[in-house]
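Accompanying notes for the structure given below.
Residue numbers start from 1 in every chain, and the chains themselves are labelled A, B, ... in the order their sequence lines are given, proteins ahead of strands.
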Amino acid sequence: MKTLPAPLRFFSIAALALLGFFLPRLLGGSSHAYDTFGMIATFSAMSYGLDIILSDLGEISLAHSAFFATGAYAAAILSVHYGQGAWVALAGAVLAALALALVLGMITLRTREFAFSLVTYAAAVVCMNIAANWDFLGGSDGIVGIPPLTLSLGSASFTASQPRQFWPFAYVLLLLTLYVVHRFRRSRLGQAALMVHMNPRLASMCGLAGNRVRLLVFLVSAPISALAGWLYAFQRAYVGTDLFDTYFLVLMLTGVILAGRRLLLGPLLGTALLVGQKSFFSLGAYGDKLILGTVLVGILCFCPKGLANLWRRRSHAAVEK
Amino acid sequence: MNVAQQLVNGIIIGHAYALVAVGWTLLLGAARLVNFGHGQIYMVSAFIAWWVMSTTGMTYALAVPLAILASAALGAIMQRLFLRLTLSQDLVNLMIATLGFGQILEGAAGLAFGPKPETLMSPLQAMVFTLGPVWFTAQDALTVAATILVFLGLYLALNRTRLGAAVRMAAEDPPLVALYGIRIARVYMSIFAFEGAAVAFAAVLIAPRTPILTSMGFEQVVMTFVVVVLGGIGSVGGSYLAGLLLGLFTTFFSALVSPAYTTASVFALLIAFMVLRPGKLAASRNFAR
């Protein structure tokens, strides 16, 4: 693929980003459209946390729904019980996710493949169990009455309580996440993660400590999902144990796999398709679960490299003709 | 606290854990497959039995084999779907695919059976035996007896029969099975069907103890996986022992400390085990023992 010269590339990316921002307005600008786009941005930010682990480290973390929920719970507790502002809630969400990731990362340091997945899955179930039983975390009722999101930057202050007002926040979060993931893939840590994944022996010959790389990548990925959770808590004004539902986990996994792994925009496109279906062509909670599962199984069984690969294969075939 | 009663409860629950896990033990040992849809197959089996009984008025004794057959078929469908991934040992994709399969089952069960809790009625649940200070139901006795039989049967089948030898070969090296002149797909088919049938058998025996919900699959998997890991991946005898010990542990933990945090305590137990014996997690040497 040809690459554009740097200034041109910068402008085209900026134009795309600007176009993305006006997309809900171009598609009618209804409250429902803004809500859908807000969900797409939030859930794809959540998926990017998992994307780093799945695509770069090659492991399946099933604890990312717990990181997502951790961010949401931290935001809810800090803003409802302690009356703190959104920035403090944001810091709390990141710190709580880092702490949980550190503990989980240490526990799973020496596990690989299915053992890693099993332990992270069990951790998610345990987190849900604790959230459902501990009154500090709201117990089975959850925490209600999260105030509207108010972020002050210098003298300016932004408030969001409607889907229309949430969209800019969600969009900025998404752009930030994209930037972080892009930078991560080009960073030393990102390169090291890929080498540890693809060729562990070469990695150790190059002097990379595999376990340290794995732990660091885990620590990078957890706050990404937690930040999405932080925003989601304000969007819904309520957190509860349903955040641990496997639905979110499967949504993340499907979002990452649907378009194709190690594509920067892959999780965004995958999540957009899935959330779009749920929002515009919903078949009820159970029907949507059924569709989500079918999409995931279908992709893995018939096109494990994702839809983008299907398209690439076709264009290759066209060239060969 | 009635120690003798708790001991009996622990033994019963332990056998229940072991029975739920037996299918997965074989699947993991022989096909290296982690089935995250395991809990949902458990749920679907219980609901199939309930549905058959409530719509046709069939007895419990007739609903049991029907649910087992239906879930064995589910296992076979899974095998057909995942054959390519299983043969290429694409473990990462396989794991995610089973998670998706579980999601399909949960969605379908929700559409078919609704969100309400239901009760699977077993006539044996009402028969209570009292022996001095302890009591248990006929259903409990049946669960324990059935678990012992299933484990003995699996052990003998793996070690004494031709199919068992083929399964052990598939665990060792799948292409070897083809060299021996046996169709590997057929071996996997029997493994998957056994997984479905075993978890269905467990479900119809154990589900009458509590109300059943279409959302109960998520947590069900955790105990199973602790049993499988503690028992040594794929080890038949180890799983039985681990299930039994885990049953005793959870019973005494919830009686002495707190019933709400039993799942968390089991997870702590697992972590302690992983820290003390990290090598155990990767081993498959114990398969079929």
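- Contact annotation for A:Ile130: both backbone and side-chain heavy atoms come within less than 4.5 Å of a heavy atom of chain B.
- Cation-pi check for A:Lys278 over A:Phe43 is not met; the charged atom does not lie both under 6.0 angstrom from the ring centroid and within 45 degrees of its normal.
- Contacts of B:Ser258 with chain A are absent, with no heavy-atom separation under 4.5 Å from either backbone or side chain.
- At a 4.5 Å heavy-atom cutoff, the contact between B:Val34 and chain A is made by side-chain atoms alone.
- Using a 4.5 Å heavy-atom threshold, the side chains of A:Tyr286 and B:Pro115 count as touching.
- For chain B, the nearby parts of A:Ile107 are the backbone and the side chain; heavy atoms of each come within less than 4.5 Å.
- With a 4.5 angstrom heavy-atom cutoff, B:Leu111 touches chain A via backbone and side-chain atoms both.
- Among A:Ala123, A:Gly293, A:Ala124, the residue with the largest count of heavy-atom pairs under 4.5 Å with chain B is A:Gly293.
- Counted by atom type alone, A:Glu59 and A:His197 present zero donor-acceptor pairs between their side chains at under 3.5 Å.
- Neither the backbone nor the side chain of A:Ala132 comes within contact range of chain B; no heavy atom of the residue lies under 4.5 Å from a heavy atom of that chain.
- Both the backbone and the side chain of A:Val125 come within contact range of chain B, with heavy atoms under 4.5 Å apart.
- The two residues A:Phe248 and A:Leu243 have their closest heavy-atom pair at CD1-O, 3.4 Å.
- A:Ser47 and A:Asp51 form no side-chain donor-acceptor contact under 3.5 Å, judged by distance and modelled atom types alone.
- Among the candidates B:Leu83, B:Leu81, B:Thr262, B:Ile96, the residue making the largest number of heavy-atom pairs closer than 4.5 Å to chain A is B:Ile96.
- Under a 3.5 Å cut-off, the side chain of A:Asn133 and the backbone N or O of B:Ala260 do form a donor-acceptor pair.
- In this structure, B:Phe36 has its ring center closer than 6.0 angstrom to the ring center of A:Tyr121.
- The environment of A:Phe281 atom CZ is sparse: at most 12 non-hydrogen atoms of other residues, nucleotides or ligands sit within 6.0 angstrom.
- Using a 4.5 Å cut-off between heavy atoms, A:Leu296 touches chain B through its side chain atoms alone.
- For A:Leu62, the part lying under 4.5 angstrom from a heavy atom of chain B is the side chain only.
- A donor-acceptor pair is defined here as one N or O able to donate and one able to accept, closer than 3.5 Å; no such pair exists between the side chain of A:Ser279 and the backbone of A:Gly276.
- When each of B:Ala108, B:Ala264, B:Gly110 is scored by its heavy-atom pairs under 4.5 Å with chain A, the top score falls to B:Gly110.
- Residue contact with chain B, scored on non-hydrogen atoms closer than 4.5 Å, is absent for A:Ile299.
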